[in-house]
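One structure below.
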Amino acid sequence: MPQKKNKGSLNRQVSGEDEDLSALGVPLDAVVKIWCAHSIPNFSLPWQRRRQERSTGSGFCIDTDRRVLITNAHCVEWHAQVKAQRRGSDVKHLAKVLSIGWECDAAVLTVENDEFWEGLQQVKLSQKLPHLEEDVLCVGFPIGGDTISVTSGVISRIEVTTYTQASAELLGIQIDAAINSGNSGGPAFNRNGECVGIAFQSMNADEAENIGYVIPSLVVTHFLKDLLKHGKYTGFPTLGVETQTMENSQLREAFGMSHKQKGVLINRVTPTSAAAEVLKANDILLAFDGEPIGNDGTVRFRKHERVMCSWLVAQKFFGETATLTVLREGKELELKIESLYPEVPLVPVHLFNKPVPGPSYFIVAGLVFTVLSEPLLESEFGADWEHKAPIEMVKSAIQSRADSRDQQLVVLTQVLAHELTMGYDHLENMQLLAVGDVPVLNLRHAMELTEACEGPYLRFNLQQNQVLILRAAEARNATAEVLEKQLGR
């Protein structure tokens, strides 16, 4: 949908006839166009990949000495090939993806060709958050043209928002300018020519028009510092708890809070989180690292501004300590997390962080088993999977938490045609609970139990009290036949 201009806003394509751009005060020549060929796995048929797709986005140089470009993670996800093209050049240079921060939707690239870096400008990241109503210039290569585009807007809101790439809750800047396809990964400049963030997503047109979001430079800087600190991307810490606001006076009274005490009620602690070592359900979290938490779950951000307390945690790095002030059974306690580490989701939002990214699976006699993940749910039931997938799967994805770091939910995703599986073809997209009498811990465990079965029958216990039984010897012999017939192997 073409972008509508706000009154008094600037939205123009910069062409070769408009070279006198010094008045803008921004390093336009630091902005590059990113070309990517995506090879996306087929999560419904995990041994295949979908037809390659191609997209364009924007990026910019942040360090000419180290030869580093930055763009959005979603611009290069499942990349088979990435190319970078400088403004005004007809040459596309092969680029290499150095690291990707999925939660913050940022990625760093480099180009090995020396010619690409000759005379290339670099962008300075602002170390301060902009204020409301400050002017911004978004620069990039959106759809609708091949030349660089400059769009102006103002900062309309700064708050913790959901990053759609990995459903992470991080600080975001809302601007009154749409981020169109192709704009993603481009810089947003303040009036001093400093980069205040990276354009990355926009609000749906049916909800609001000309609303865009920018990744603040503080989030980008955390991503870059994480790379330097750990030698790789490790992520943004979360506390791993589910909380409830304490705005009701009767609720506060029931938990023994004084009139001066404020905080949030901890309803559940994720077993695989670092907080599980010190926090308990029904604790009242009063402060994090000495910063008081309000009854509505917010903390002081700037004068007249508050943000969700999760932002305090996200600013930490994995491996660091954290101090928690809690009210437990009427007593105020100071607790310490010795080392923050990532929690393990029971149903992953994405599968990028695996040693070999993409879905894992195993097949026995036409039965295809894989791990339940949100990409699988979306592949099977569409983007609206929360309303179309079986209720058990939806409940597991939204509400359930892993009890151990190696726990996975294994599902029978489909039954390939074979005489041994006749009558079982309706048992698709059902969770595998046990092999024989042994509960399944994860996909590898399920495969090991299947291979280790010494009895005459393989028995798979599925959800809804469904049972699938095959003769063990015939099932193993049929596996090779199915792989050759169905998969061409």
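Start at 1 with the first residue, then count along the sequence. Remember, it's a predicted structure, so these values are computed and weren't measured experimentally.
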Write down the atom of [X], the atom of [Y], and the distance for their closest heavy-atom approach.
X: Ser404; Y: Leu441; value: OG-CD1, 4.0 Å
X: Ala365; Y: Leu470; value: CB-CD1, 3.9 Å
X: His38; Y: Glu77; value: ND1-O, 2.7 Å
X: Leu239; Y: Leu285; value: CD2-CD2, 3.8 Å
X: Ile158; Y: Val307; value: O-CG1, 4.4 Å
X: Leu462; Y: Leu433; value: O-CD1, 3.7 Å

With distance as the sole criterion, is a donor-acceptor pair present between the side chains of [X] and [Y] under 3.5 Å?
X: His230; Y: Asp226; value: yes
X: Thr272; Y: Glu343; value: no
X: Gln464; Y: Glu392; value: yes
X: Glu320; Y: Ser339; value: no
X: Glu103; Y: His350; value: yes
X: Ser44; Y: Glu380; value: yes
X: Tyr213; Y: Gln201; value: no

Is the shortest heavy-atom distance from the side chain of [X] to the side chain of [Y] under 4.5 Å?
X: Val82; Y: Val97; result: yes
X: Leu367; Y: Leu468; result: yes
X: Ile175; Y: Ile155; result: yes
X: Leu346; Y: Arg401; result: no
X: Leu427; Y: Phe460; result: no
X: Arg306; Y: Arg300; result: yes
X: Thr71; Y: Phe60; result: no
X: Val264; Y: Ile284; result: no

Kindly check if the number of other-residue, nucleotide or ligand heavy atoms within 6.0 Å of [atom1] ([X]) is above 12?
X: Arg444; atom1: CZ; result: no
X: Asn192; atom1: CG; result: yes
X: Arg157; atom1: CZ; result: no
X: Asp384; atom1: CG; result: yes
X: Glu253; atom1: CD; result: no
X: Lys316; atom1: NZ; result: yes

* To do: Give the intermediate values and the outcome of side chain to side chain donor-acceptor pair (under 3.5 Å) for residues Ser310 and Glu169.
  => CA-CA 8 Å; Ser310 60; Glu169 299 284 335; 6.0 Å; no
* If you measure from the Lys or Arg side-chain nitrogens to the Asp or Glu carboxylate oxygens, is any gap between Arg191 and Glu194 under 4.0 Å? -> no
* Criterion side chain to side chain donor-acceptor pair (under 3.5 Å) on Glu332 and Gln261, from CA distance to verdict -> CA-CA 10 Å; Glu332 190 168 315; Gln261 288 177 322; 3.1 Å; yes
Test item: [X] side-chain N/O and [Y] main-chain N/O as donor-acceptor pair under 3.5 Å:
X: Asn461; Y: Gly436; value: yes
X: Ser126; Y: Val196; value: no
X: Arg302; Y: Leu129; value: yes
X: Asn72; Y: Cys75; value: no
X: Asp105; Y: Ala73; value: yes
X: Glu428; Y: Thr413; value: no
X: Asn295; Y: Gly263; value: yes

* To do: Give me the ring orientation class for Phe369 and Phe362: parallel if the planes are under 30° apart, tilted from 30 to 60°, perpendicular past 60°.
  => parallel
In this structure, is the centre-to-centre distance between the rings of [Y] and [X] below 6.0 Å?
X: Phe200; Y: Tyr163; result: yes
X: Phe317; Y: His222; result: yes
X: Tyr233; Y: Trp102; result: no

How many angstroms lie between [atom1] in [X] and [atom2] in [Y], if you round to the nearest 0.5 Å?
X: Ile70; Y: Asp63; atom1: CD1; atom2: CG; value: 11.0 Å
X: Phe288; Y: Leu312; atom1: CZ; atom2: CG; value: 6.5 Å
X: Leu279; Y: Leu333; atom1: CG; atom2: CG; value: 10.5 Å

* State which residue, out of Arg252, Gln244, Met257, fulfils the side-chain contact (heavy atoms from CB on, under 4.5 Å) condition with Leu265. => Gln244
* Structure fact -> Here the side-chain hydrogen bond (donor to acceptor under 3.5 Å, both in side chains) pairs for residues 273-285, sequence neighbours left out, are Glu277-Tyr341, Asp283-Arg328
